[in-house]
Amino acid sequence: MEKEVVVSGIRPTGFLHLGNYFGAMRNYVRMQDDFNCYFFVANWHSLTTHPDTRELKNSVYRVIAENIACGLDPQKVAFYVQSDIPEIAELYLYLNMLSYKGELEKTVTFKEKVRLQPENVNAGLLTYPVLQAADIIIQRAVKVPVGKDQEQHLEMARNFADRFNYRYGDVFPLPYAFNYGDELIRIMGLDGNGKMSKSENQNATIYLADDDELIRKKIMKAKTDQGPETPDSVKPDYIQNLFTMMKLVSSADTLAKFEADFNASSQGNCIIRYGDMKKQLAEDMVQFVKPIREKAADLLANPDELHRIIKQGADKGRARASETLTMVRNAVGLNY
Ligand code: TRP
């Protein structure tokens with residue numbers, strides 16, 4: 001049986017962090033054997049918010065290197081740069097004729113960006129979901145691994161695909177957001193405020209590029225308190241976050257020890273020592289991040305290899321995209 005087609009896009013803005021790893025990249029790596037995967041760096045999308053491209057090239061290289069360092073295998077998946085697939089731009093043009101100003105203006109992400117950058121409300125920002133739909137359906141994908149914040153964009157992609165099929169004939173299967181259900185992991189900032197972030201809150205975020213000392217320093221500064229007042233207390237969210245990270249990077253025994261210490265503590269008899277816990281977590285985190293950081297750095301220091309990978313991805317990505325575009329041109333009647 002043919003494997004189902006999966007597409008996902010990664011915006012090349014900022015350094016990847018632990019939240020990205022456990023929220024997205026690890027799922028990509030899990031999918032690469034079971035699905036026919038097309039993953040790409042959404043560099044056109046980043047122009048909607050970052051018109052200055054001085055940093056863009058390095059960000060694209062970095063995001064590719066870090067994803068591969070995390071286990072994405074460019075032999076197994078098509079891993080490409082969006083702008084290397086001009087077929088996406090042509091499909092975007094057709095889809096633009098099928099999308100309405102009213103629905104685009106109502107998109108939550110658009111309204112938010114208007115608020116954030118009122119001085120640059122460009123048409124690309126308005127049609128961001130149209131480009132995203134083109135990214136997805138150019139590969140005739142059915143599954144799109146994305147977080148909750150992208151569900152509206154997926155619904156719009158389905159609408160555009162459906163409208164195209166209705167007007168010009170069946171070309172596209174309808175794509176749906178996909179995740180591994182209850183295993184969705186959310187990692188908070190180490191200061192207990194919000195999520196880890198690609199660009200803000202850098203001291204509360206563990207980046208995959210952080211060196212050993214920096215990781216230790218950040219974890220030792222993570223927010224804690226005096227410890228539980230009664231046995232089997234509910235953990236405050238910033239404490240739960242330390243346990244969540246420990247579960248992800250430490251051994252089962254280590255986690256069990258600190259769980260037991262936490263649950264046996266009560267006021268006046270606090271067994272758990274958060275200082276010790278953080279020291280252990282820091283060491284395990286260093287062991288976890290180090291090989292990823294080093295592999296990414298090796299790749300970044302080897303532009304020939306990176307270029308070979310990017311070229312290989314473009315070839316794989318274009319093979320199916322150009323097939324789709326031929327179907328699209330035939331359906332629209334642009335085949336003279
Ligand atoms: N909008 C997505 C994000 O903000 C990135 C993206 C662009 C994407 N094109 C895509 C995701 C296609 C999935 C499929 O993260």
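Sequence positions, counted from 1, serve as the residue numbers for this chain. Order of appearance sets the numbers: ligands from 1, and atoms from 1 within every ligand. The figures that follow rest on heavy atoms only: side chains count, while hydrogens, waters and symmetry mates do not.
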Subject >> F40/Y80 aromatic ring centres below 6.0 Å >> reply: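 Yes; Y80 has its ring centre under 6.0 Å from that of F40.
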**OP:** Quick one: sort the H153 and Y128 rings into parallel, tilted or perpendicular, breaks at 30° and 60°.
**Re:** tilted
Subject >> For I68, the option from L299, D73, V63 that meets side-chain contact (heavy atoms from CB on, under 4.5 Å) >> reply: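 One option only clears the test, and that one is L299.
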Original post:
For residues Y94 and E90, is any side-chain donor paired with an opposing acceptor at under 3.5 Å?
Top reply: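 A donor-acceptor contact under 3.5 Å links the two side chains.
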Subject >> Whether T324 side chain and R320 backbone form a donor-acceptor pair below 3.5 Å >> reply: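 Yes, because the side chain of T324 sits within donor-acceptor range (under 3.5 Å) of the backbone of R320.
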Original post:
Measuring from each atom of ligand 1, which residues have a heavy atom under 4.0 Å away?
Top reply: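 Correct list: S8, G9, R11, F40, A42, H45, Y128, Q132, D135, I136, V144, V146, Q150.
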**OP:** Please say whether the positively charged group of K235, taken as NZ for Lys or CZ for Arg, lies over the ring of F262, i.e. under 6.0 angstrom from the six-membered ring centre and within 45 degrees of the axis.
**Re:**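 Judged by the rule (NZ or CZ under 6.0 Å from the ring centre, within 45° of its axis), K235 counts as positioned above F262.
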